[in-house]
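Taking it in order: structure first as structure tokens, then the write-up.
When a ligand or atom number is given, it counts from 1 through the structure's own listing order.
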Amino acid sequence: MELIKISTITDSRGRLSFVESTKDIDFDIKRVYWLDQTTPGSDRGAHAHKKLHQLLIALSGSVTVDLDNGKEQSQIVLDTPGTGLIIRPMYWRDLKNFSDNAIVLVLASELYSEQDYYRNYEDFLHASRIS
Ligand code: TYD
């Protein structure tokens, strides 16, 4: 489980947080996307990436992330914008238990490419065992 502390400056005006490539994370950021307006009971994820590195931050609310690299499973609840979760290539992830007000920011190392996905768990498992 790779959790990082997000740099934050808080003063009377509020909070300012930032992430810098190479300083805070060891990959360059090529893409930013976010999840919001999640509907009750909805799950996301259910895939793994071949080459993509990602940093997930729950900017608001909370989400549970299940991770599986084909050998070990782990689970983390992201519920503070002060902590980021790095997800490396070849980790199957399931995002669930989104709170009503959840906003999850994702910083990604590559542009979107459907070829980078494993969307079938058995295919992922097979690939993880031979890699
Ligand atoms: P997906 O990665 O499957 O999201 P989730 O696992 O959270 O459901 O993406 C959902 C859809 O959005 C899919 O059709 C691909 C598209 N998409 C993009 O076009 N660009 C992006 O950067 C992302 C993350 C998804």
Side-chain angles (χ1 to χ4, degrees):
M1 184 70 63
E2 285 183 72
L3 293 172
I4 64 166
K5 191 174 180 311
I6 304 297
S7 300
T8 293
I9 298 171
T10 305
D11 63 22
S12 59
R13 298 168 295 176
R15 183 168 58 185
L16 183 155
S17 305
F18 51 91
V19 175
E20 290 182 281
S21 290
T22 74
K23 285 190 188 171
D24 302 302
I25 50 177
D26 58 3
F27 56 87
D28 285 332
I29 300 160
K30 284 202 185 146
R31 178 166 53 111
V32 176
Y33 67 93
W34 52 94
L35 307 170
D36 66 353
Q37 299 187 351
T38 52
T39 49
S42 293
D43 298 336
R44 303 209 68 119
H47 62 254
H49 286 284
K50 297 174 186 172
K51 298 213 170 110
L52 190 71
H53 299 251
Q54 291 173 302
L55 175 68
L56 275 65
I57 306 169
L59 293 184
S60 170
S62 62
V63 61
T64 300
V65 184
D66 287 338
L67 292 173
D68 175 357
N69 66 359
K71 297 187 196 85
E72 289 175 332
Q73 288 86 39
S74 53
Q75 185 178 78
I76 181 81
V77 176
L78 294 178
D79 59 2
T80 165
T83 300
L85 170 66
I86 293 178
I87 306 183
R88 298 298 183 185
M90 297 305 285
Y91 273 82
W92 190 267
R93 85 288 313 272
D94 291 295
L95 278 64
K96 60 190 191 188
N97 300 338
F98 286 91
S99 65
D100 281 347
N101 54 343
I103 301 175
V104 179
L105 177 69
V106 184
L107 309 180
S109 67
E110 306 295 336
L111 301 181
Y112 170 75
S113 166
E114 190 59 34
Q115 281 68 50
D116 189 63
Y117 281 72
Y118 287 106
R119 292 197 183 270
N120 178 286
Y121 183 73
E122 296 308 319
D123 292 346
F124 158 72
L125 213 49
H126 180 69
S128 75
R129 287 191 175 144
I130 59 174
S131 64

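- Between D116 and K51 the shortest heavy-atom distance is OD1-N, 2.8 Å.
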Does ligand 1 have any N/O atom under 3.5 Å from a protein N/O, and what are those pairs and their distances?
{"residue": "ligand 1", "atom": "2 (O)", "partner": "Y117", "partner atom": "OH", "Å": "2.5"}
{"residue": "ligand 1", "atom": "3 (O)", "partner": "R119", "partner atom": "NH1", "Å": "2.9"}
{"residue": "ligand 1", "atom": "3 (O)", "partner": "R119", "partner atom": "NH2", "Å": "3.0"}
{"residue": "ligand 1", "atom": "6 (O)", "partner": "G45", "partner atom": "N", "Å": "2.9"}
{"residue": "ligand 1", "atom": "6 (O)", "partner": "G45", "partner atom": "O", "Å": "3.2"}
{"residue": "ligand 1", "atom": "6 (O)", "partner": "H47", "partner atom": "ND1", "Å": "3.2"}
{"residue": "ligand 1", "atom": "7 (O)", "partner": "R44", "partner atom": "NE", "Å": "2.7"}
{"residue": "ligand 1", "atom": "8 (O)", "partner": "R44", "partner atom": "NE", "Å": "3.3"}
{"residue": "ligand 1", "atom": "8 (O)", "partner": "R44", "partner atom": "NH2", "Å": "3.0"}
{"residue": "ligand 1", "atom": "22 (O)", "partner": "R31", "partner atom": "NH1", "Å": "2.5"}

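- Around the CZ atom of R119, the shell of radius 6.0 Å holds more than 12 heavy atoms that belong to other residues, nucleotides or ligands.
- Interatomic distance, D94 CG to Q75 CD, rounded to the nearest 0.5 Å: 10.0 Å.
- Between atom NE2 of residue H47 and atom CD of residue E114 there is a gap of 9.0 Å, rounded to the nearest 0.5 Å.
- Side-chain N/O atoms of Q54 and Y91 include no donor and acceptor closer than 3.5 Å.
- Atom CZ of F98 and atom CG of L78 lie 10.0 Å apart (nearest 0.5 Å).
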